[in-house]
Amino acid sequence: MNSPYIEPKQHLLDLFRQALARIAPAADAGIELDRPKQAAHGDWACNVAMQLARGLKRNPREVAADLVAALPASEWVDRVEIAGPGFINVFLKPAVWQRLPAHILARGAEYGRLGLGRGERVQVEFVSANPTGPLHVGHGRGAAYGASLANVLAYAGYDVTREYYVNDAGRQMDILAVSTWLRYLELTGEHVPFPPNAYQGEYVRTMAKSIHGLHADRYKRTLAEIMTGVPPVPSAEEYVEKPDAKVAAEAALDALIAAAKRLLGQDYDYFHGYALEEQLGDCRNDLTEFGVCFDHWFSERSLHEAGLIDRALERLAARGHLYEQDGATWFRASAFGDEKDRVVRRENGQYTYFAADIAYHLNKFERGFARVVDVWGADHHGYIPRVKGALAALGLDPDRLTVALVQFAVLYRNGQKVSMSTRAGEYVTLRELRQEVGNDACRFFYVLRKSDQHLDFDLDLAKRQSTDNPVYYIQYAHARIASVLAAWGGLEGDLLDADAGRLTHPDELALLRRLAEFPEVIAAAAGDLAPHLVAYYLKDLAADLHGLYTSCQFLVEDETLRLARLQLVAATRRVLRTGLTLLGVSAPDKM
RNA sequence: GCCCCCGUAGCUCAGUGGAUAGAGCAUCCCCCUCCUAAGGGGAGGGUCACACGUUCGAUUCGUGUCGGGGGCGCCA
């Protein structure tokens with residue numbers, strides 16, 4: 001009764017390897033075992049006979065017959081059949097599955113944890129949105145995907161570090177600082193034209209109000225002195241309608257940034273720092289509420305300040321991969337698979353964002369990560385060859401970096417696309433989305449698609465509390481079990497010795513098989529960087545539970561049967577909880 | 001022009017080098033004196049965009065065509 005649970009797949013692989021060694025010692029075919037789609041084809045199916053047939057110049061069914069004859073006896077195998085063109089279908093004894101619930105209860109949250117990664121250090125960098133305003137729904141998907149992926153990798157046995165790259169050094173931050181100052185000036189009665197390409201959001205006014213409340217008119221400058229040397233600022237209408245207004249607007253904005261730095265001096269850093277702290281804090285807060293946490297917030301500015309960019313470029317130069325042209329410094333990216341060479345230092349002496357990214361990625365590997373996963377928006381795909389090229393040029397293996405591209409999420413309400421315009425500050429923020437549909441539905445819906453698939457986020461469906469909403473469907477399965485166990489009133493520990501041999505109903509066996517799949521799902525999700533596999537698995541698991549719930553009463557008179565069934569559902573609850581936790585979704589006991 | 005993603009049921013999407021391709025929704029029918037009906041069962045619905053190749057076997061891999069989405073700054 002209490003003999004340990006054996007991993008059926010590993011056990012069968014051993015048997016097949018032995019059989020293969022007997023009948024075809026020279027064959028180097030790898031043994032593959034698949035779960036057949038149909039129950040009539042057994043618990044596991046092996047196709048090696050068909051792969052061997054050609055080399056052996058024999059009929060695959062004959063090869064299969066020889067293999068079956070050579071299989072060592074096993075107390076777990078009920079029978080073996082040869083089917084179709086040469087499949088070997090293995091039917092296991094129910095006892096194999098019946099041992100599983102006790103095993104799951106004994107292992108608790110560790111059931112499904114794997115040693116695949118062997119403790120290898122992996123960094124997952126995700127979100128990394130510019131701290132220039134609230135996170136929007138697009139960032140939300142990267143956050144949910146990255147967090148779930150990191151959880152899955154950790155559970156699969158990798159030593160995972162979660163990192164957010166803070167773009168605190170670029171022009172976008174300058175634009176935010178100036179936007180804040182201009183709004184502040186409005187409060188002092190000085191109305192400088194607000195550029196259409198500056199940050200329009202209400203949060204900028206909020207920051208301006210706070211600063212004005214703290215320091216009154218201390219940072220006021222007159223319109224005349226600010227606009228000296230600043231080209232005309234296009235209006236919002238011109239910006240949308242006239243093609244050349246875009247260029248003019250960029251020039252005006254740059255001139256305003258220069259004016260702010262000149263007129264404010266040290267105080268410019270105050271605006272810059274204030275806006276950065278405020279927005280980054282808001283972002284961190286938003287993500288924390290979303291259940292998304294980071295081990296490191298890595299500052300882009302620190303790369304500049306520590307001289308790491310110089311060092312990275314020197315290393316590239318020493319290897320002969322940089323050259324000067326048109327006053328700029330270029331990286332010979334085309335020699336490393338990129339379509340053209342890329343500027344790393346502009347004519348004006350400033351480093352490009354790419355230069356910082358080279359230094360950042362070099363730094364990642366210098367910190368000892370064996371593998372790095374970057375989660376990027378799909379619009380950055382063209383950026384991959386140059387970063388990988390830079391790694392190769394630095395003498396690092398570019399395959400140690402995996403870029404996971406996350407496609408955009410489009411919101412639908414009442415069957416209509418919810419329009420978004422970042423420029424006008426008209427977009428749905430992640431916070432608004434979370435408030436509208438709840439964190440659980442939010443996290444789950446975001447990972448319900450393959451990451452490289454466009455996501456249609458149906459707000460109405462996410463809020464619906466019914467069978468068509470998968471997150472409630474799964475949570476409901478968990479709550480139903482909790483409710484049954486509460487009605488029973490015993491302790492989970494009392495179920496460890498239940499006579500699981502009593503579990504013979506087809507729906508019980510189906511659920512047992514499903515529970516056995518969980519570790520394989522984790523392995524697949526970690527291997528393919530695909531946490532959505534966990535979400536789909538949980539849907540299937542919940543469906544099996546709901547089916548059993550309808551077909552079998554758990555709290556029956558027959559005590560051994562009752563305990564066996566409670567053991568099964570308690571194990572199911574465990575796996576549901578583990579899976580939901582990996583996805584950052586709660587597992588409620590009551591709904 | 002070049003690059004990336006996608007094309008599977010009416011809709012939204014899973015899935016796989018294998019044996020009769022799945023789920024939810026939608027449509028139609030059925031199931032609560034019983035542990036939560038936020039549940040379950042059943043029916044209908046498919047040339048896995050198309051063509052050619054590789055293979056014992058292709059919806060899956062490769063090439064091409066067609067169709068949809070996205071990207072191609074000395075921006076970040």
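Letters go in sequence order (proteins before strands), and every chain restarts at 1.
Classified by interplanar angle (parallel below 30°, tilted 30° to 60°, perpendicular above 60°), the ring pair A:Y164/A:W297 is parallel. Ring planes of A:F331 and A:H321: perpendicular class, angle over 60° (limits at 30 and 60°).
Closest heavy-atom contact between A:E508 and A:R502: OE1-O, 4.0 Å. For the pair A:Y360 and A:L303, the tightest heavy-atom approach, listed with the atom from each and the gap, is CB-CD1, 3.8 Å.
One P atom belongs to B:rG69, the other to B:rU8, and the distance between them is 15 Å to the nearest Å. B:rG17 sits 14 Å from B:rA58 when the P atoms are compared, rounded to a whole Å. One C1' atom belongs to B:rC11, the other to B:rG7, and the distance between them is 15 Å to the nearest Å.
Base pairing of B:rU55 is not made with any nucleotide, judged by Watson-Crick or G-U wobble geometry with both donor-acceptor distances under 3.5 Å. Across all strands shown, B:rG44 forms no Watson-Crick or G-U wobble pair with both distances under 3.5 Å. Pairing for B:rG67 is with B:rC6, a Watson-Crick or G-U wobble pair whose two hydrogen-bonding atom distances lie under 3.5 Å. Across all strands shown, B:rG24 forms a Watson-Crick or G-U wobble pair with B:rC11, both key distances being under 3.5 Å. Nucleotide B:rG1 forms a pair with B:rC72, judged by Watson-Crick or G-U wobble geometry with both contacts under 3.5 Å.
Between A:H380 and the phosphate of B:rA76, there is no side-chain N or O to OP1/OP2 separation shorter than 4.0 Å. Distances shown here put every side-chain N or O of A:R61 at or beyond 4.0 Å from the OP1 or OP2 atom of B:rA19. Using a 4.0 Å cut-off, no side-chain N or O of A:Y360 falls inside it from OP1 or OP2 of B:rA76. Between A:R565 and B:rC35 there is no side-chain N or O to OP1 or OP2 distance below 4.0 Å. Applying the 4.0 Å criterion to OP1 and OP2 of B:rA19, one finds that A:K37 has a side-chain N or O inside that range.
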Could you run down the sub-3.5 Å N/O contacts of the protein with nucleotides 3-10 of chain B?
{"from": "B:rC3", "atom 1": "O2", "to": "A:H381", "atom 2": "NE2", "distance (Å)": "3.2"}
{"from": "B:rC4", "atom 1": "O4'", "to": "A:H381", "atom 2": "NE2", "distance (Å)": "3.3"}
{"from": "B:rC5", "atom 1": "O2'", "to": "A:D452", "atom 2": "O", "distance (Å)": "2.7"}

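Within 4.0 Å of A:F354, counting heavy atoms only, lies no atom of the nucleic acid at all. Counting non-hydrogen atoms under 4.0 angstrom, A:A53 reaches nothing in the nucleic acid. Within 4.0 Å (heavy atoms only), A:A378 reaches no atom of the nucleic acid at all. Counting non-hydrogen atoms under 4.0 angstrom, A:D379 reaches the backbone sugars and phosphates but no base. Here A:N89 lies in heavy-atom contact (under 4.0 Å) with a base.
With the nearest nucleotide of RNA chain B identified for both A:D341 and A:R449, A:R449 has the one nearer the 5' end.
Listed by chain and number, the residues in a side-chain contact (heavy atoms from CB on, under 4.5 Å) with A:A477 are A:A542, A:L545, A:H546, A:L576 (sequence neighbours excluded).
Base orientation at B:rC52 is anti, since its O4'-C1' glycosidic dihedral falls outside 90° of 0.
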